[in-house]
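Throughout, protein chains are lettered first and strands after them, A, B, ... in sequence-line order, and every chain is numbered starting at 1. All values below come from the heavy atoms of this structure, side chains included, with hydrogens, waters and symmetry mates left out.
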Amino acid sequence: MGKFLIAPRPVGPIYMGSERRPHFWLDKIARDIIEREERLGRKIDVLRVESGIGASGFPHIGSVGDSLRAYGVKLALEELGYKSELIAYSDDRDGLRKVPAGVPEEYSKYLGMPVSEIPDPWGCHSSYGEHMSSMLIDALEKLGIEFTFISGTEAYKSGLLDEQVSKLLKNNSKVDRIIREEVGSSKPEGWIHYWPRCERCGRIYTTRVLKVIPEEGKVIYACDQEFKGIKGCGYVGEASYLRGDGKLSWKGEFAARWAALGIVFEPHGKDITDSFRVNERIAREVLGYEPPLTVMYEMFLDSTKRKISKSAGNVITPQMWMEFSPPEALRMLMFKRYHGTRSISLQSSPLYINELENNVRKYHNLERIRSERDRITLKRLMEFTYLMEGVPEPWPYRYSAVLNVVSMLPRDIGFEELLRVAADLISKYYGVDPDSLLSDDIFRRYVYYAKNYVENFGSRELGTVEINGKVLEAVNSFIDSLSEDMSDEDIQNLAFETARGKGVPVREFFRALYMILLGQPQGPKLGPLISRVGVNRFKDLYRKSLEEGRVVRKE
RNA sequence: GGGCCCGUAGCUCAGCAUGGAAGAGCACCCGGCUUUUAACCGGGGGGUCGCGGGUUCGAAUCCCGCCGGGCCCGCCA
């Protein structure tokens, strides 16, 4: 199908190579999916894409990337005129493998038990697993992702996977062989890759299937394996695999889900590439289901390119992200590309927001982008970033300005007061109506992000400023002449008078002041800025800059 | 032991699938505009495309080898 989207062109030197059309990666995947499904002759009334939702630990920023990318593919499929659905499948049937930091130590007693059967440490959800997955679901909703939720536990209990589980167990020797061929196995030859839940101790990772009884839909098992130092309880019993008294191991669970739900696309992190490869073969060779198209994405690193991990203390949760920058910035970051190791940090949030603002502006000036490829990439990136609901008109102010202003204001004044003062200053900077800022959701959020940023990371690091000696004298004279009782106007006039009186170009004079205070050559109108910040506070800030050696006299 | 990603301008990165005159943004420099409100405008400098081979009329792009940075997996998912 994809090929027919490209119109035939006349042959000739002018068209050499021009049949290569630039494309955005999500659009390409969507076209590939459709082409593939048609070739396979599957019915394509609803194209289901899937994303797993972890339920074993706290979600981090990478967890939402998987779902976000899958959702992007769903949007792209819909744009091509197909119905599509995102399945968010919670892995709450998985056993607890380790007790994450932040969960009571004594939870080690639950190791090996399905997380949906472990009590919620905080008591607010029906289980540990539900608590964890609900945190991720909450984040997905904040990101504007629509999905159909399926709980793994429910899936097993409802019989959704019965057919596939039966097939896998009946063909367990074939499954075992594939596993051995692809990744090897330390289990004895002929191992049956299914985890029955021990009726007595409730664990699944300490059991071993002794025998499959297909005609009764059950297995005989022994709870005699060791898992993470925990020994099985020794119980021997039988479990129905049709009622879901257990679960498939990873070597087959994806395959079962794909076949049962008819999944055509699922992204995966590189940590489970082996798992994917095995499952692809099992789906194809045992279940007779051609596995979904996939993309592999890299894990996230922090700004110093170190792996994000709980022990390193650099974990970013989606909830933390939302305290510092908007969901659309995160969507943009995730949709930009899917390969290459990504580094991400909350401290860089002003950069991400700046990029978002620039891209929104560029989107409304597309004709200015010369290269067709860049044009298409930017156009689609922004349309996906705004979930196909329309890219907003650029707003007339910058986050960097809001952050600068907020970082200079006293911090103990309360949010509403901070908002008012910031609106006042920003309105003067950009020449917009302060009331419209106060009722503007983006502005309100900007002030919120900026407040959090300053409280967590301090003011933005300002570089050293070199200032011409004569200009510096003028600046000093200006600072000395300031007094508490001056109005906005007085201060503004004083600035001009001082500059002229000292024979310094007005532009240079202002530039110097803004560089010292904000680290950038322009800022909100000076009189009101100093007045809102407070003359004495302003003098302190200036004195500090001098003391810290940030301001260097240049002849 | 197995596998993956990255290396292109000072910085952040596109471009590589399908080989056809090295790109963007930021930064920098020059010029313009303005009693700072620029969310600017015009121009400019700057790259042995990590290194070495190979294929080719032609390689950033394909193949092989190496160097540097980083990541993942080893039965848990």
Side-chain angles (χ1 to χ4, degrees), chain A residues 13 16-17 19-23 25 28 32 52 54-57 91 93-98 111-112 152 179-180 182-187 191 193 195 204-205 227-228 247-251 253-254 268-279 296-301 304-308 336-337 339-343 348 351 354-355 357-362 364-365 369-371 373-375 377-378 394-398 400-401 425-432 492-493 495-497 499-500 505-514 520-529:
Chain A
M16 288 262 285
E19 76 282 0
R20 293 176 57 176
R21 298 232 68 141
H23 55 253
W25 67 275
K28 173 164 168 46
D32 287 350
S56 299
D91 295 307
R93 194 62 174 159
D94 291 6
L96 187 68
R97 297 189 300 279
K98 64 173 182 195
L111 283 172
I179 291 165
R180 279 166 206 284
E182 290 296 328
V183 293
S185 175
S186 61
K187 306 281 193 202
W191 181 267
H193 300 268
W195 298 114
I204 59 176
Y205 292 154
F227 174 75
K228 305 264 171 184
K247 77 181 282 289
L248 291 165
S249 80
W250 66 263
K251 302 133 175 160
E253 180 157 275
F254 283 125
H268 71 276
K270 88 162 162 192
D271 52 336
I272 57 167
T273 45
D274 287 346
S275 172
F276 249 66
R277 202 173 66 247
V278 169
N279 276 282
M296 187 195 77
Y297 54 87
E298 296 277 324
M299 303 289 99
F300 280 82
L301 306 176
T304 58
K305 307 262 185 201
R306 267 198 310 252
K307 187 197 166 188
I308 289 183
K336 253 172 97 166
R337 56 182 181 155
H339 65 278
T341 311
R342 303 293 311 272
S343 54
S348 301
L351 297 178
N354 185 52
E355 187 176 342
E357 289 170 340
N358 284 341
N359 284 345
V360 169
R361 289 190 165 84
K362 281 187 198 164
H364 292 282
N365 278 299
I369 302 175
R370 306 263 167 178
S371 142
R373 181 183 295 275
D374 292 353
R375 202 160 55 235
T377 301
L378 184 99
W395 42 100
Y397 48 86
R398 289 285 192 151
S400 60
L425 289 169
I426 294 293
S427 71
K428 290 196 167 70
Y429 184 9
Y430 292 107
V432 297
Q492 189 75 8
N493 287 334
F496 283 112
E497 282 162 18
R500 285 201 213 92
V506 170
R507 189 183 171 189
E508 272 187 54
F509 178 75
F510 276 98
R511 192 186 161 89
L513 274 168
Y514 286 116
Q520 59 179 42
Q522 285 112 29
K525 193 170 180 181
L526 199 63
L529 178 65

Next item on the list: Select one nucleotide: of B:rU36, B:rA77, B:rC75, the one nearest the side-chain heavy atoms of A:Asp94.
Entry: B:rA77
Under 3.5 Å, which protein N or O atoms sit close to an N or O of nucleotides 1-4 of chain B? Give each pair with its distance.
residue: B:rC4; atom: O2; partner: A:Lys270; partner atom: NZ; Å: 3.0

Next item on the list: Assign each of A:Phe496 and A:Lys251 to its nearest nucleotide of RNA chain B by heavy atoms, then name whichever residue's nucleotide is nearer the 5' end.
Entry: A:Phe496
In whole Å, I'd like the distance from the [atom1] atom of [X] to the [atom2] atom of [N].
X: A:Trp195; N: B:rC75; atom1: CH2; atom2: P; answer: 11 Å
X: A:Glu357; N: B:rA39; atom1: CD; atom2: P; answer: 11 Å
X: A:Leu248; N: B:rC75; atom1: CG; atom2: P; answer: 20 Å
X: A:Leu378; N: B:rG15; atom1: CG; atom2: P; answer: 14 Å
X: A:Arg361; N: B:rC40; atom1: CZ; atom2: C1'; answer: 12 Å
X: A:Tyr297; N: B:rC73; atom1: OH; atom2: P; answer: 13 Å
X: A:Asp271; N: B:rG70; atom1: CG; atom2: P; answer: 20 Å
X: A:Asn358; N: B:rC40; atom1: CG; atom2: C1'; answer: 14 Å

Taking only residues two or more places apart in sequence, or in another chain, which ones meet [X] in a side-chain hydrogen bond (donor to acceptor under 3.5 Å, both in side chains)?
X: A:Glu355; value: A:Lys336
X: A:Lys228; value: none
X: A:Asn354; value: A:Arg398

Next item on the list: Could you tell me whether the side chain of A:Gln492 has a donor or acceptor atom within less than 3.5 Å of a complementary atom in the base of B:rU37?
Entry: no
Checklist line | Dot-bracket line, read 5' to 3' along RNA chain B, where crossing pairs take [ ] and | marks a partner on another strand, Watson-Crick or G-U under 3.5 Å | finding: (((((((..((((......[..)))).(((((.......))))).....(((((..]....))))))))))))....
Margin query: Side-chain N or O of A:Trp191 versus OP1/OP2 of B:rC75: is the shortest distance under 4.0 Å?
Written below: no
Item checked: Contact under 4.0 Å: A:Tyr205 side-chain N or O vs B:rC75 OP1/OP2 -> no
Checklist line | Residues which pass ring pair (Phe, Tyr, Trp, His ring centres under 6.0 Å) with A:Phe227, listed by chain and number, not counting sequence neighbours | finding: A:Tyr205
Notebook entry, point to check: Distance from A:Phe276 atom CZ to A:Glu182 atom CD, nearest 0.5 Å?
Noted result: 14.0 Å
Note to self: Working to the nearest 0.5 angstrom, can you tell me the gap between A:Trp250 CH2 and A:Ser275 OG?
What the structure shows: 5.0 Å
